[in-house]
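Numbering of residues begins at 1 and proceeds along the displayed sequence.
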Amino acid sequence: MELIQKYYLPWHFPLRKELAGIIVIIVIFLFFPYIIRTIDVTAAAIDPGIFSAIILAVSAILIFKSVTWWIITAIWPVFAEYSNEHFERNFKSLQSWQKVIIYLGFYLLVLFAFVATLAAIV
């Protein structure tokens with residue numbers, strides 16, 4: 001499936017995936033208090049705030065990802081081209097133990113980022 005079919009944005013648009021995610025999370029953030037009040041009318045004012053904080057953290061991560069990718073493509077376009085064209089093929093050519101180390105390292109970085117984001121919220 002091509003990206004143009006997957007995200008309904010022009011193929012030349014530089015931040016198509018990130019923009020779609022940011023728009024969705026902002027809409028969820030804006031309408032979440034109304035949705036939670038229709039589900040539970042006894043929800044206190046703090047309840048939508050707590051859940052909205054998690055939605056806000058997700059939006060901050062998506063915005064950070066899009067800004068860093070934009071900076072990488074602006075400062076180091078060769079890296080962005082390599083990432084789009086050759087990274088997947090090179091990753092598939094690695095040995096299995098190298099793939100596991102890369103996968104677990106990436107997973108631990110994402111987990112650490114999640115914990116740090118929740119710690120910043122609390």
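We find the CG-CG distance between Leu104 and Leu109 to be 11.0 Å, quoted to the nearest 0.5 Å. The line from CZ of Phe106 to CG of Leu111 is 12.0 Å long, rounded to the nearest 0.5 Å.
Residue pairs meeting the ring pair (Phe, Tyr, Trp, His ring centres under 6.0 Å) criterion with at least one member in residues 77-98, sequence neighbours excluded: Trp76-Phe79.
Each of Ile102 and Val100 belongs to its own hydrophobic cluster when Ile, Leu, Val, Met, Phe, Trp and Tyr are linked at side-chain heavy-atom distances under 4.5 angstrom. Hydrophobic clustering (ILVMFWY, side-chain heavy atoms < 4.5 Å, transitive): Trp70 and Ile75 are in one cluster.
With a 4.5 Å cut-off on side-chain heavy atoms, Gln95 and Lys99 do not count as touching.
Closest heavy-atom contact between Thr38 and Ile35: OG1-O, 2.7 Å.
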